[in-house]
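Note that the structure is predicted; figures quoted are calculated from it, not measured.
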Amino acid sequence: MRDTPLSNCERRFLLKAIEAKKRLDGRQTYDYRNIKIAFGTDYGCCSVELGKTRVLCQVSCELVPPKDSRPTEGIMFFNLELSPMASPAFEPNRQSELLVTLNRQLERCLRNSKCIDTESLCVVSGEKVWQIRVDVHVLNHDGNLMDAASIAAISALSHFRRPDVAIQGRDVTVFSPEERDPIPLSIYHMPICVSFAFFLQGSYLLVDPCEREERVKDGLLVIAMNKHREICSIQSSGGIMLLKDQVLRCSKIASVKVSEITELINKALENDRKIRKEGGKFGFAESMPKERITTLKRDDAPVEMTDVKETASDIVNRTETTTEAVPSPVLVAMGTAQVGEGIVNSWALDEDEEDEPQTEDRKTGTVSDVCFCAVE
């Protein structure tokens, strides 16, 4: 299923708003959307919310033979998935141009920047090394997937712990987390991507474009930088010509944003480490009672349930009571009872259906309607 294209009216409205330095969500030109970082119960699981864009990242590891060209270095593998659950424009089991571009940018940002010490992942030189696999799943697409994916990937790598190993000769023993504490990865720096969207042939610039703003953009500039102001990668797309002053201005803006995001990631890691040490609720288990995983927002119930007993008693008192009195059965003898002696039948039966058996009193000669029933 392909996504619905924008109409000409929507396109003109968005461009006019950008010219007036106004955005749909009320942000300023260089403002980011709210970023929320949450870690799972297992190490290496991270969920990132960038506005309405939601990304889930999971890091795993396994022992594999190394590459022939680098026998003493571990392997980093990145996999990003775009499912129809995130957007109707994504097709399952098909590599789109967007998917290939995001995968390459993520590899260039994290693997080619040498942010992780791959030599520390070597167990036996030339025989066994750790392969770190980073799986990024897009849960909801509302623009700027590259920034959200890079934040989720570096946060999950910082949170991940690999099992400890022991080597005796050529035998490698892998210990479980219960036997030995897992070991974190050696991370030198945290490269984070910052996306800049250009409009009207580079005349206007926006940071962190949303999904509708990405549809009307003319070009995109992605800068991967760490908090030390070192540019790890830079990529321009869209076919527009950027001036040197524009690139320098974007790099200055990216340095400020990267410092803020890095501080946010460190705070999230510190909070998770503190809660795990204290033994409290952490990860997604803390979010379950508040229903923050399956729903983006939970509204309060409109029904007030504080004075249930008083409300119920008022309703019962206002109800109309029946005035008809049902005659009580008259006990004639042991095992028999008579209802409605000499009065009109109250069983709500039609006259033609009242075929009650009539019995004649042998002593008095009178006829009466008698109903017999067993009495315990």
Tell me which one of Arg33, Arg11, Lys22, Arg23 satisfies salt bridge (Lys or Arg N to Asp or Glu O under 4.0 Å) with Glu213. Arg23
Regarding Tyr32 and Asp147, is there a side-chain donor-to-acceptor distance under 3.5 Å anywhere? yes
Within this structure, what is the CD-CZ distance for the pair Glu119 and Arg70, rounded to the nearest 0.5 Å? 10.0 Å
From His159 atom NE2 to Ile37 atom CD1, the distance as rounded to the nearest 0.5 Å: 11.5 Å
Within 45° of the six-membered ring axis of Phe77 and under 6.0 Å from that ring's centre, is NZ or CZ of Arg133 located there? no
Six-ring centre of Tyr43, Arg162 cation under 6.0 angstrom, axis tolerance 45°: no
Between [X] and [Y], is there a side-chain N and carboxylate O pair less than 4.0 Å apart?
| X | Y | result |
| --- | --- | --- |
| Glu270 | Arg273 | yes |
| Asp181 | Arg161 | no |
| Asp272 | Arg276 | yes |
| Lys52 | Asp142 | no |

Partner of Met190 under side chain to side chain contact (heavy atoms under 4.5 Å, CB included), chosen from Cys115, Ser158, Cys232: Ser158
Do [X] and [Y] make a side-chain contact, defined as non-hydrogen atoms from C-beta onward lying under 4.5 Å apart?
| X | Y | value |
| --- | --- | --- |
| Leu121 | Leu185 | yes |
| Ile151 | Ile261 | yes |
| Val207 | Thr29 | no |
| Leu205 | Tyr30 | yes |

For Arg180, does the CZ atom sit with more than 12 other heavy atoms under 6.0 Å from it, leaving out its own atoms? yes
Within a radius of less than 6.0 Å around CD of Glu97, do more than 12 heavy atoms belonging to other residues, nucleotides or ligands occur? no
